[in-house]
Amino acid sequence: MHKNVIILVCGRCACKTSGGIISIHFVLTVYFSYFIFFLSKVDVSADTSFLGWVIASYSLGQMLASPLFGLWSNHRPRREPLAVSISILVAASVLYAYVHVPASHNKYYMLISRALVGFGSGNVAVVRSYVAGATSLSERTGAMANISAFQALGFILGPAFQACFTLIGEKGVTFQAIDLQVNMYTAPSLMGALLGIVNIILVFAIFREHRVDELGRQISNVNYENEEYAAEINSEESVDQVAVVSSNILFFVILFCFAIFETIATPLTMDMYAWTRSQAVLYNGIILAAIGFESMVVFIGVKILSKMTEERILLLGGLVIIWVGFFILLPWGTQFPKIQWTDIQNNTIYNSSYWLSNTADYSNHTVEPTGCPPVQSWCFYTPVIHLAQYLTSDILIGIGYPTCNVMSYTLYSKIIGPKPQGVYMGWLTAAGSIARTLGPIFVSQIYTHLGPRWTFGILCGIVAVSILHLSVIYKRLIAFSVRYGRV
(Lines give C-alpha, C1' and ligand atoms only; values in the text may rest on other atoms or scores of the structure.)
Protein backbone atom coordinates (compact mmCIF):
# COMPACT_ATOMS: atom_id res chain seq x y z
CA MET A 1 0.00 0.00 0.00
CA HIS A 2 1.05 3.56 -0.60
CA LYS A 3 0.13 6.21 1.90
CA ASN A 4 0.68 9.93 2.17
CA VAL A 5 0.84 10.87 5.82
CA ILE A 6 2.03 13.92 7.62
CA ILE A 7 4.67 13.62 10.35
CA LEU A 8 4.79 16.37 12.97
CA VAL A 9 8.32 16.88 14.24
CA CYS A 10 8.27 19.96 16.43
CA GLY A 11 6.24 21.79 19.02
CA ARG A 12 4.12 24.87 19.07
CA CYS A 13 2.97 27.52 21.48
CA ALA A 14 0.56 30.44 21.51
CA CYS A 15 1.30 33.78 23.06
CA LYS A 16 -1.11 36.55 24.02
CA THR A 17 0.11 40.13 24.05
CA SER A 18 -1.72 43.44 24.41
CA GLY A 19 -1.77 43.60 20.64
CA GLY A 20 -3.67 40.34 20.28
CA ILE A 21 -2.96 36.69 19.67
CA ILE A 22 0.42 35.72 18.29
CA SER A 23 0.53 32.06 17.31
CA ILE A 24 3.93 30.46 16.90
CA HIS A 25 3.61 27.16 15.07
CA PHE A 26 6.77 25.64 13.68
CA VAL A 27 5.40 22.62 11.90
CA LEU A 28 7.50 20.63 9.47
CA THR A 29 5.82 18.04 7.26
CA VAL A 30 7.67 15.09 5.82
CA TYR A 31 6.31 12.89 3.09
CA PHE A 32 5.61 9.39 4.23
CA SER A 33 7.22 7.83 1.16
CA TYR A 34 10.64 9.08 2.30
CA PHE A 35 9.96 7.68 5.74
CA ILE A 36 9.24 4.25 4.23
CA PHE A 37 12.52 4.24 2.32
CA PHE A 38 14.50 5.30 5.41
CA LEU A 39 12.96 2.51 7.50
CA SER A 40 13.86 -0.14 4.91
CA LYS A 41 17.33 1.40 4.61
CA VAL A 42 18.22 1.23 8.32
CA ASP A 43 16.60 -2.17 8.98
CA VAL A 44 15.87 -4.60 6.15
CA SER A 45 13.86 -6.80 8.53
CA ALA A 46 11.14 -4.14 8.83
CA ASP A 47 8.13 -5.55 6.99
CA THR A 48 4.76 -4.04 6.07
CA SER A 49 3.20 -5.17 9.35
CA PHE A 50 5.86 -3.44 11.43
CA LEU A 51 5.53 -0.35 9.27
CA GLY A 52 1.90 -0.15 10.36
CA TRP A 53 2.93 -0.13 14.01
CA VAL A 54 5.46 2.62 13.37
CA ILE A 55 2.77 4.72 11.70
CA ALA A 56 0.26 4.12 14.48
CA SER A 57 2.78 4.84 17.26
CA TYR A 58 2.62 8.59 16.58
CA SER A 59 -1.12 8.84 17.04
CA LEU A 60 -1.09 6.45 20.01
CA GLY A 61 1.59 8.55 21.71
CA GLN A 62 -0.38 11.74 21.14
CA MET A 63 -3.58 10.08 22.36
CA LEU A 64 -1.94 9.12 25.67
CA ALA A 65 -0.11 12.41 26.19
CA SER A 66 -2.85 14.90 25.38
CA PRO A 67 -5.00 14.40 28.52
CA LEU A 68 -1.88 14.25 30.71
CA PHE A 69 -0.45 17.52 29.41
CA GLY A 70 -3.94 19.02 29.59
CA LEU A 71 -4.28 18.04 33.25
CA TRP A 72 -0.83 19.42 33.96
CA SER A 73 -1.73 22.76 32.39
CA ASN A 74 -4.85 23.04 34.56
CA HIS A 75 -2.80 23.24 37.74
CA ARG A 76 0.63 24.57 36.80
CA PRO A 77 2.07 27.34 34.57
CA ARG A 78 1.66 26.27 30.97
CA ARG A 79 5.27 26.91 30.09
CA GLU A 80 6.10 23.76 32.10
CA PRO A 81 4.17 21.24 29.95
CA LEU A 82 5.07 23.21 26.82
CA ALA A 83 8.81 23.15 27.58
CA VAL A 84 8.77 19.47 28.56
CA SER A 85 6.72 18.39 25.54
CA ILE A 86 8.88 20.31 23.09
CA SER A 87 12.01 18.89 24.75
CA ILE A 88 10.60 15.40 24.13
CA LEU A 89 10.06 16.36 20.49
CA VAL A 90 13.67 17.57 20.21
CA ALA A 91 15.01 14.36 21.78
CA ALA A 92 12.80 12.23 19.50
CA SER A 93 14.00 14.11 16.42
CA VAL A 94 17.64 13.58 17.37
CA LEU A 95 16.97 9.88 18.05
CA TYR A 96 15.41 9.59 14.58
CA ALA A 97 18.63 10.96 13.06
CA TYR A 98 20.68 8.32 14.92
CA VAL A 99 18.55 5.20 14.34
CA HIS A 100 21.17 3.92 11.88
CA VAL A 101 23.90 3.77 14.53
CA PRO A 102 22.93 0.68 16.63
CA ALA A 103 24.16 -2.64 15.27
CA SER A 104 20.73 -4.25 15.46
CA HIS A 105 17.05 -3.64 16.26
CA ASN A 106 17.13 -0.31 14.42
CA LYS A 107 13.45 -0.53 13.57
CA TYR A 108 12.55 -0.54 17.26
CA TYR A 109 14.53 2.64 17.83
CA MET A 110 12.56 4.23 15.01
CA LEU A 111 9.34 2.99 16.62
CA ILE A 112 10.37 4.62 19.90
CA SER A 113 11.28 7.83 18.09
CA ARG A 114 7.90 8.03 16.38
CA ALA A 115 6.04 7.28 19.61
CA LEU A 116 7.97 10.05 21.40
CA VAL A 117 7.20 12.49 18.60
CA GLY A 118 3.53 11.70 19.07
CA PHE A 119 3.80 11.97 22.85
CA GLY A 120 5.44 15.39 22.61
CA SER A 121 2.81 16.53 20.13
CA GLY A 122 0.22 16.11 22.86
CA ASN A 123 0.99 19.73 23.74
CA VAL A 124 -1.68 20.79 21.25
CA ALA A 125 -4.18 20.34 24.10
CA VAL A 126 -2.20 22.86 26.16
CA VAL A 127 -2.13 25.34 23.30
CA ARG A 128 -5.85 25.12 22.56
CA SER A 129 -6.85 25.29 26.24
CA TYR A 130 -4.66 28.34 26.74
CA VAL A 131 -6.16 30.14 23.76
CA ALA A 132 -9.65 29.28 25.03
CA GLY A 133 -8.84 30.86 28.40
CA ALA A 134 -7.01 33.88 27.00
CA THR A 135 -9.79 35.05 24.70
CA SER A 136 -13.31 36.32 25.13
CA LEU A 137 -16.23 34.71 23.31
CA SER A 138 -16.02 37.30 20.55
CA GLU A 139 -12.26 36.71 20.06
CA ARG A 140 -12.33 32.92 20.23
CA THR A 141 -13.08 32.01 16.62
CA GLY A 142 -10.46 34.35 15.22
CA ALA A 143 -7.81 33.07 17.64
CA MET A 144 -8.54 29.43 16.82
CA ALA A 145 -8.44 30.28 13.11
CA ASN A 146 -5.01 31.88 13.56
CA ILE A 147 -3.61 28.72 15.13
CA SER A 148 -5.13 26.53 12.42
CA ALA A 149 -3.70 28.84 9.76
CA PHE A 150 -0.18 28.20 11.06
CA GLN A 151 -0.86 24.47 10.94
CA ALA A 152 -1.97 24.87 7.32
CA LEU A 153 1.28 26.72 6.67
CA GLY A 154 3.05 23.50 7.66
CA PHE A 155 1.32 21.70 4.78
CA ILE A 156 2.83 24.27 2.43
CA LEU A 157 6.34 24.51 3.85
CA GLY A 158 6.79 20.78 4.50
CA PRO A 159 6.88 19.61 0.88
CA ALA A 160 9.03 22.62 -0.04
CA PHE A 161 11.62 21.81 2.63
CA GLN A 162 11.57 18.12 1.72
CA ALA A 163 12.18 18.97 -1.92
CA CYS A 164 15.22 21.00 -0.86
CA PHE A 165 16.51 18.19 1.35
CA THR A 166 16.43 15.71 -1.54
CA LEU A 167 19.28 17.72 -3.07
CA ILE A 168 21.47 16.46 -0.22
CA GLY A 169 20.99 12.92 -1.50
CA GLU A 170 20.85 9.58 0.28
CA LYS A 171 24.54 9.62 1.16
CA GLY A 172 24.76 13.23 2.29
CA VAL A 173 27.47 14.31 4.71
CA THR A 174 28.82 12.26 7.62
CA PHE A 175 30.32 13.79 10.75
CA GLN A 176 32.47 10.94 12.05
CA ALA A 177 33.23 12.55 15.42
CA ILE A 178 29.59 12.38 16.48
CA ASP A 179 28.40 9.52 14.20
CA LEU A 180 25.90 11.83 12.51
CA GLN A 181 24.73 11.37 8.93
CA VAL A 182 23.01 14.40 7.40
CA ASN A 183 21.11 13.21 4.35
CA MET A 184 17.71 13.59 2.73
CA TYR A 185 16.18 11.33 5.40
CA THR A 186 17.71 12.81 8.55
CA ALA A 187 17.86 16.50 7.61
CA PRO A 188 14.11 17.09 8.27
CA SER A 189 14.34 15.64 11.79
CA LEU A 190 17.47 17.68 12.56
CA MET A 191 15.73 20.83 11.36
CA GLY A 192 12.77 19.88 13.55
CA ALA A 193 15.11 19.57 16.54
CA LEU A 194 16.59 22.99 15.81
CA LEU A 195 13.16 24.60 15.53
CA GLY A 196 12.13 22.86 18.75
CA ILE A 197 15.05 24.47 20.57
CA VAL A 198 13.97 27.85 19.17
CA ASN A 199 10.46 27.14 20.45
CA ILE A 200 11.74 26.41 23.96
CA ILE A 201 13.63 29.70 23.98
CA LEU A 202 10.49 31.54 22.84
CA VAL A 203 8.38 29.86 25.55
CA PHE A 204 10.64 31.25 28.27
CA ALA A 205 11.57 34.55 26.61
CA ILE A 206 8.22 35.67 25.17
CA PHE A 207 5.36 33.57 26.50
CA ARG A 208 3.40 35.34 29.23
CA GLU A 209 0.23 33.71 30.48
CA HIS A 210 -2.90 35.78 30.30
CA ARG A 211 -6.47 34.91 31.25
CA VAL A 212 -9.81 36.64 30.72
CA ASP A 213 -13.40 35.68 31.34
CA GLU A 214 -15.86 35.17 28.50
CA LEU A 215 -16.60 38.89 28.39
CA GLY A 216 -12.92 39.79 28.09
CA ARG A 217 -12.36 40.93 31.69
CA GLN A 218 -8.92 40.26 33.13
CA ILE A 219 -8.54 37.38 35.63
CA SER A 220 -5.50 37.49 37.89
CA ASN A 221 -5.29 33.72 38.46
CA VAL A 222 -4.18 31.96 35.26
CA ASN A 223 -4.93 28.48 36.63
CA TYR A 224 -7.86 26.98 38.51
CA GLU A 225 -6.32 26.64 41.93
CA ASN A 226 -7.96 28.87 44.47
CA GLU A 227 -9.70 32.10 45.28
CA GLU A 228 -13.18 33.16 44.35
CA TYR A 229 -12.84 32.12 40.72
CA ALA A 230 -12.18 28.52 41.69
CA ALA A 231 -15.36 28.54 43.75
CA GLU A 232 -17.25 29.99 40.81
CA ILE A 233 -16.19 27.36 38.30
CA ASN A 234 -17.01 24.59 40.78
CA SER A 235 -20.51 25.88 41.28
CA GLU A 236 -23.63 23.88 40.53
CA GLU A 237 -23.56 25.09 36.93
CA SER A 238 -22.18 22.09 35.08
CA VAL A 239 -20.90 21.52 31.57
CA ASP A 240 -23.39 19.92 29.18
CA GLN A 241 -21.79 16.49 28.88
CA VAL A 242 -24.07 15.50 25.99
CA ALA A 243 -22.71 18.43 24.00
CA VAL A 244 -19.15 17.53 25.02
CA VAL A 245 -19.46 13.89 23.94
CA SER A 246 -21.23 14.90 20.73
CA SER A 247 -18.46 17.38 19.93
CA ASN A 248 -15.83 14.66 20.41
CA ILE A 249 -17.75 12.33 18.09
CA LEU A 250 -18.07 15.00 15.41
CA PHE A 251 -14.39 15.89 15.72
CA PHE A 252 -13.47 12.21 15.40
CA VAL A 253 -15.48 11.95 12.17
CA ILE A 254 -13.90 15.13 10.76
CA LEU A 255 -10.34 13.93 11.49
CA PHE A 256 -11.17 10.39 10.33
CA CYS A 257 -12.35 11.70 6.97
CA PHE A 258 -9.27 13.87 6.54
CA ALA A 259 -6.93 11.04 7.58
CA ILE A 260 -8.46 8.86 4.87
CA PHE A 261 -8.32 11.74 2.39
CA GLU A 262 -4.57 12.30 2.85
CA THR A 263 -3.77 8.58 3.15
CA ILE A 264 -5.64 7.47 0.07
CA ALA A 265 -4.23 10.14 -2.25
CA THR A 266 -1.14 8.22 -3.38
CA PRO A 267 -2.66 4.74 -3.94
CA LEU A 268 -5.79 6.20 -5.55
CA THR A 269 -3.91 8.30 -8.10
CA MET A 270 -1.47 5.48 -8.88
CA ASP A 271 -4.36 3.08 -9.48
CA MET A 272 -6.62 5.45 -11.41
CA TYR A 273 -4.14 7.41 -13.53
CA ALA A 274 -1.22 4.95 -13.83
CA TRP A 275 1.11 7.41 -12.12
CA THR A 276 4.48 6.17 -10.95
CA ARG A 277 5.39 6.54 -7.30
CA SER A 278 7.53 9.62 -7.98
CA GLN A 279 4.73 11.21 -10.01
CA ALA A 280 2.16 10.48 -7.29
CA VAL A 281 4.40 12.00 -4.60
CA LEU A 282 5.18 15.07 -6.72
CA TYR A 283 1.65 15.78 -7.99
CA ASN A 284 -0.05 15.07 -4.68
CA GLY A 285 2.56 17.21 -2.96
CA ILE A 286 1.60 20.08 -5.23
CA ILE A 287 -2.09 19.42 -4.54
CA LEU A 288 -1.54 19.33 -0.76
CA ALA A 289 0.43 22.56 -0.91
CA ALA A 290 -2.40 24.15 -2.91
CA ILE A 291 -4.90 22.90 -0.31
CA GLY A 292 -2.71 24.48 2.36
CA PHE A 293 -2.97 27.86 0.61
CA GLU A 294 -6.69 27.31 0.15
CA SER A 295 -7.09 26.52 3.85
CA MET A 296 -5.41 29.77 4.85
CA VAL A 297 -7.91 31.67 2.69
CA VAL A 298 -10.72 29.64 4.28
CA PHE A 299 -9.49 30.56 7.78
CA ILE A 300 -9.64 34.23 6.87
CA GLY A 301 -13.14 33.75 5.48
CA VAL A 302 -14.22 31.86 8.61
CA LYS A 303 -13.08 34.74 10.82
CA ILE A 304 -15.24 37.11 8.79
CA LEU A 305 -18.27 34.82 8.50
CA SER A 306 -18.24 33.99 12.22
CA LYS A 307 -19.06 37.62 12.95
CA MET A 308 -22.14 37.41 10.76
CA THR A 309 -23.47 33.94 11.60
CA GLU A 310 -23.25 31.23 14.26
CA GLU A 311 -20.42 28.70 14.53
CA ARG A 312 -23.00 25.89 14.46
CA ILE A 313 -24.14 26.92 11.00
CA LEU A 314 -20.57 27.04 9.73
CA LEU A 315 -19.87 23.59 11.19
CA LEU A 316 -22.98 22.19 9.53
CA GLY A 317 -22.05 23.83 6.23
CA GLY A 318 -18.52 22.42 6.43
CA LEU A 319 -19.83 18.88 6.95
CA VAL A 320 -22.18 19.25 3.97
CA ILE A 321 -19.26 20.38 1.79
CA ILE A 322 -17.18 17.39 2.95
CA TRP A 323 -20.07 15.06 2.09
CA VAL A 324 -20.32 16.55 -1.41
CA GLY A 325 -16.53 16.20 -1.80
CA PHE A 326 -16.64 12.47 -1.10
CA PHE A 327 -19.83 11.94 -3.08
CA ILE A 328 -18.12 13.38 -6.18
CA LEU A 329 -15.43 10.69 -5.83
CA LEU A 330 -17.91 7.86 -6.39
CA PRO A 331 -16.90 6.04 -9.63
CA TRP A 332 -19.23 6.27 -12.61
CA GLY A 333 -19.16 5.80 -16.39
CA THR A 334 -17.82 3.07 -18.66
CA GLN A 335 -14.11 3.87 -18.66
CA PHE A 336 -11.98 1.59 -16.48
CA PRO A 337 -8.51 2.08 -15.00
CA LYS A 338 -5.44 0.73 -16.75
CA ILE A 339 -4.42 -2.71 -15.48
CA GLN A 340 -0.77 -3.59 -14.85
CA TRP A 341 -0.86 -6.58 -17.24
CA THR A 342 1.29 -4.92 -19.91
CA ASP A 343 3.99 -3.86 -17.49
CA ILE A 344 3.93 -7.28 -15.84
CA GLN A 345 4.32 -9.14 -19.13
CA ASN A 346 7.13 -6.85 -20.26
CA ASN A 347 9.12 -6.75 -17.04
CA THR A 348 8.31 -10.09 -15.32
CA ILE A 349 8.75 -8.66 -11.84
CA TYR A 350 5.24 -9.28 -10.59
CA ASN A 351 4.42 -11.82 -7.91
CA SER A 352 1.30 -12.55 -5.89
CA SER A 353 2.47 -10.51 -2.90
CA TYR A 354 3.58 -7.51 -4.94
CA TRP A 355 0.90 -5.09 -3.78
CA LEU A 356 1.70 -5.73 -0.12
CA SER A 357 5.46 -5.66 -0.47
CA ASN A 358 6.11 -3.09 -3.21
CA THR A 359 6.84 -0.35 -0.70
CA ALA A 360 9.90 -2.15 0.62
CA ASP A 361 10.90 -3.79 -2.67
CA TYR A 362 10.44 -0.88 -5.05
CA SER A 363 14.01 0.32 -4.71
CA ASN A 364 15.23 -3.07 -6.00
CA HIS A 365 13.44 -2.72 -9.37
CA THR A 366 14.60 -0.71 -12.34
CA VAL A 367 11.13 -0.55 -13.89
CA GLU A 368 8.07 0.26 -11.84
CA PRO A 369 4.71 -1.22 -12.86
CA THR A 370 1.98 1.37 -13.33
CA GLY A 371 -1.77 1.08 -13.26
CA CYS A 372 -4.25 -0.79 -11.09
CA PRO A 373 -2.75 -4.08 -9.81
CA PRO A 374 -4.81 -7.15 -10.78
CA VAL A 375 -4.51 -8.53 -7.26
CA GLN A 376 -7.19 -5.93 -6.47
CA SER A 377 -10.16 -7.60 -8.14
CA TRP A 378 -12.23 -4.41 -8.17
CA CYS A 379 -9.86 -2.94 -10.76
CA PHE A 380 -11.63 -5.02 -13.43
CA TYR A 381 -15.18 -3.78 -12.81
CA THR A 382 -14.91 -0.39 -11.05
CA PRO A 383 -15.04 2.67 -13.37
CA VAL A 384 -12.16 5.09 -13.23
CA ILE A 385 -12.42 8.22 -11.07
CA HIS A 386 -11.73 11.01 -13.55
CA LEU A 387 -9.03 13.54 -12.74
CA ALA A 388 -11.61 16.33 -12.79
CA GLN A 389 -13.57 14.47 -10.09
CA TYR A 390 -10.45 14.08 -7.97
CA LEU A 391 -9.41 17.73 -8.25
CA THR A 392 -12.94 18.99 -7.58
CA SER A 393 -13.11 16.81 -4.48
CA ASP A 394 -9.75 18.18 -3.31
CA ILE A 395 -11.03 21.73 -3.62
CA LEU A 396 -14.25 20.98 -1.72
CA ILE A 397 -12.55 19.06 1.09
CA GLY A 398 -9.99 21.87 1.25
CA ILE A 399 -12.92 24.16 2.11
CA GLY A 400 -14.94 21.85 4.34
CA TYR A 401 -12.19 20.39 6.51
CA PRO A 402 -10.57 23.63 7.77
CA THR A 403 -14.02 25.11 8.41
CA CYS A 404 -15.07 22.11 10.51
CA ASN A 405 -11.70 22.00 12.27
CA VAL A 406 -11.86 25.59 13.50
CA MET A 407 -15.56 25.43 14.37
CA SER A 408 -15.10 22.20 16.34
CA TYR A 409 -12.41 23.68 18.58
CA THR A 410 -14.24 26.97 18.95
CA LEU A 411 -17.62 25.47 19.83
CA TYR A 412 -16.02 22.94 22.16
CA SER A 413 -14.18 25.61 24.12
CA LYS A 414 -17.34 27.69 24.41
CA ILE A 415 -19.41 24.71 25.58
CA ILE A 416 -16.90 24.06 28.40
CA GLY A 417 -16.89 27.75 29.34
CA PRO A 418 -15.00 28.81 32.48
CA LYS A 419 -14.33 25.24 33.60
CA PRO A 420 -10.74 23.90 33.40
CA GLN A 421 -10.19 23.12 29.71
CA GLY A 422 -6.86 21.28 29.70
CA VAL A 423 -8.20 17.75 30.17
CA TYR A 424 -11.23 18.43 27.98
CA MET A 425 -8.97 19.61 25.16
CA GLY A 426 -6.81 16.56 25.80
CA TRP A 427 -9.77 14.27 25.17
CA LEU A 428 -10.64 16.14 21.99
CA THR A 429 -7.06 15.79 20.76
CA ALA A 430 -7.12 12.11 21.73
CA ALA A 431 -10.28 11.63 19.65
CA GLY A 432 -8.43 13.11 16.68
CA SER A 433 -5.44 10.83 17.33
CA ILE A 434 -7.66 7.74 17.32
CA ALA A 435 -9.16 8.92 14.04
CA ARG A 436 -5.71 9.30 12.50
CA THR A 437 -4.81 5.81 13.69
CA LEU A 438 -7.93 4.19 12.24
CA GLY A 439 -7.92 6.14 8.96
CA PRO A 440 -4.93 4.31 7.38
CA ILE A 441 -6.30 0.98 8.65
CA PHE A 442 -9.62 1.75 6.96
CA VAL A 443 -7.83 2.50 3.70
CA SER A 444 -5.71 -0.65 3.88
CA GLN A 445 -8.73 -2.88 4.44
CA ILE A 446 -11.68 -1.29 2.64
CA TYR A 447 -9.95 0.42 -0.29
CA THR A 448 -7.51 -2.40 -1.03
CA HIS A 449 -10.10 -5.17 -0.89
CA LEU A 450 -13.34 -3.47 -1.93
CA GLY A 451 -12.25 -0.44 -3.95
CA PRO A 452 -13.14 3.26 -4.12
CA ARG A 453 -16.90 2.74 -4.55
CA TRP A 454 -17.23 1.09 -1.13
CA THR A 455 -14.64 3.42 0.43
CA PHE A 456 -16.30 6.67 -0.56
CA GLY A 457 -19.80 5.22 -0.24
CA ILE A 458 -19.12 4.33 3.41
CA LEU A 459 -17.57 7.74 4.02
CA CYS A 460 -20.63 9.47 2.55
CA GLY A 461 -22.77 7.40 4.92
CA ILE A 462 -20.62 8.29 7.94
CA VAL A 463 -20.69 12.01 7.14
CA ALA A 464 -24.45 11.89 6.47
CA VAL A 465 -25.05 10.30 9.89
CA SER A 466 -22.84 12.99 11.45
CA ILE A 467 -24.89 15.71 9.77
CA LEU A 468 -28.05 14.11 11.17
CA HIS A 469 -26.41 13.85 14.60
CA LEU A 470 -25.46 17.53 14.49
CA SER A 471 -29.02 18.45 13.53
CA VAL A 472 -30.39 16.52 16.52
CA ILE A 473 -28.07 18.11 19.11
CA TYR A 474 -27.90 21.48 17.32
CA LYS A 475 -29.67 23.40 20.12
CA ARG A 476 -27.31 22.05 22.77
CA LEU A 477 -24.15 23.31 21.06
CA ILE A 478 -24.17 26.71 22.76
CA ALA A 479 -21.71 28.58 24.93
CA PHE A 480 -21.66 27.82 28.65
CA SER A 481 -22.40 31.45 29.53
CA VAL A 482 -25.32 31.57 27.10
CA ARG A 483 -26.71 28.32 28.48
CA TYR A 484 -26.81 29.79 32.01
CA GLY A 485 -27.88 33.28 31.00
CA ARG A 486 -24.62 35.07 31.77
CA VAL A 487 -24.39 36.48 28.25
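Heavy atoms only: backbone and side chains are in, while hydrogens, waters and symmetry mates are out.
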Approximate separation, where rounding is to 0.5 Å, of [X] [atom1] and [Y] [atom2]:
X: Ile112; Y: Lys107; atom1: CD1; atom2: NZ; result: 13.0 Å
X: Ser85; Y: Arg78; atom1: OG; atom2: CZ; result: 13.0 Å
X: Lys414; Y: Ile416; atom1: NZ; atom2: CD1; result: 13.0 Å
X: Ile462; Y: Cys257; atom1: CD1; atom2: SG; result: 6.5 Å
X: Leu202; Y: Leu82; atom1: CG; atom2: CG; result: 11.5 Å
X: Arg76; Y: Asn74; atom1: CZ; atom2: CG; result: 13.0 Å

Heavy-atom side-chain contact between [X] and [Y] under 4.5 Å:
X: Tyr96; Y: Val117; answer: no
X: Leu411; Y: Ile478; answer: no
X: Leu195; Y: Ile86; answer: no
X: Val124; Y: Gln62; answer: yes
X: Phe326; Y: Ile397; answer: yes
X: Val94; Y: Ser189; answer: no
X: Phe119; Y: Phe69; answer: yes
X: Asn123; Y: Leu89; answer: yes

Worksheet item: Which is it for Phe442 and Leu438 under the side chain to side chain contact (heavy atoms under 4.5 Å, CB included) test, yes or no, and what are the steps along the way?
Response: CA-CA 6 Å; Phe442 179 91; Leu438 296 179; 5.9 Å; no

Practice prompt. Verify the neighbour count for atom OH of Tyr109: are there more than 12 heavy atoms of other residues, nucleotides or ligands below 6.0 Å?
Written response: no

Practice prompt. Examine Arg312 relative to Tyr474 and say whether NZ or CZ is less than 6.0 Å from the centre of the six-membered ring and inside a 45° cone about the ring axis.
Written response: yes

Practice prompt. Give a yes/no verdict on a cation-pi contact between Arg128 and Tyr409, requiring under 6.0 Å between NZ or CZ and the six-membered ring centre and an angle within 45° of the axis.
Written response: yes

Do any N or O atoms from the side chain of [X] and from the backbone of [Y] form a donor-acceptor pair under 3.5 angstrom?
X: Ser408; Y: Phe251; answer: no
X: Ser66; Y: Met63; answer: no
X: Tyr412; Y: Tyr424; answer: yes
X: Ser113; Y: Leu95; answer: no

Which heavy atom of [X] sits nearest to which heavy atom of [Y], and what is that distance?
X: Asp394; Y: Glu294; result: O-OE1, 4.0 Å
X: Ile415; Y: Ser247; result: CD1-OG, 3.6 Å
X: Gly398; Y: Ser295; result: O-OG, 3.8 Å
X: Thr455; Y: Tyr447; result: OG1-CA, 3.3 Å
X: Ser73; Y: Val126; result: CB-CG1, 3.9 Å
X: Ala125; Y: Met425; result: O-CB, 3.6 Å

Discussion item. Could you walk me through whether Thr309 and Leu314 satisfy the side chain to side chain contact (heavy atoms under 4.5 Å, CB included) test, starting with their C-alpha distance in whole Å, then the side-chain angles of each, then the deciding distance to 0.1 Å, before giving a yes or no?
Written reply: CA-CA 8 Å; Thr309 187; Leu314 292 175; 3.9 Å; yes

Discussion item. Would Trp72 and Val84 count as a side chain to side chain contact (heavy atoms under 4.5 Å, CB included) here? Give the steps.
Written reply: CA-CA 11 Å; Trp72 189 352; Val84 170; 3.5 Å; yes

Worksheet item: Is the Tyr401 ring parallel, tilted or perpendicular to the Phe258 ring (thresholds 30°, 60°)?
Response: parallel

Item to complete: Name the orientation class of the two ring planes belonging to His105 and Tyr108 (parallel below 30°, tilted from 30 to 60°, perpendicular beyond 60°).
Response: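 Answer is tilted, since the angle falls between 30° and 60°.
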
Discussion item. Test side chain to side chain contact (heavy atoms under 4.5 Å, CB included) on Tyr58 and Ser121; report intermediate values, then the result.
Written reply: CA-CA 9 Å; Tyr58 170 84; Ser121 298; 3.6 Å; yes

Worksheet entry | side chain to side chain contact (heavy atoms under 4.5 Å, CB included), paired with Tyr98, selected from Leu180, Thr186, Asn106 |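 When side chain to side chain contact (heavy atoms under 4.5 Å, CB included) is applied between Tyr98 and each of Leu180, Thr186, Asn106, only Leu180 qualifies.
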
Discussion item. Aromatic contact between Phe207 and Tyr130, with the criterion being ring centroids under 6.0 Å apart: yes or no?
Written reply: yes

Worksheet item: When the aromatic ring centroids of Phe256 and Phe261 are compared, is their separation below 6.0 Å?
Response: no

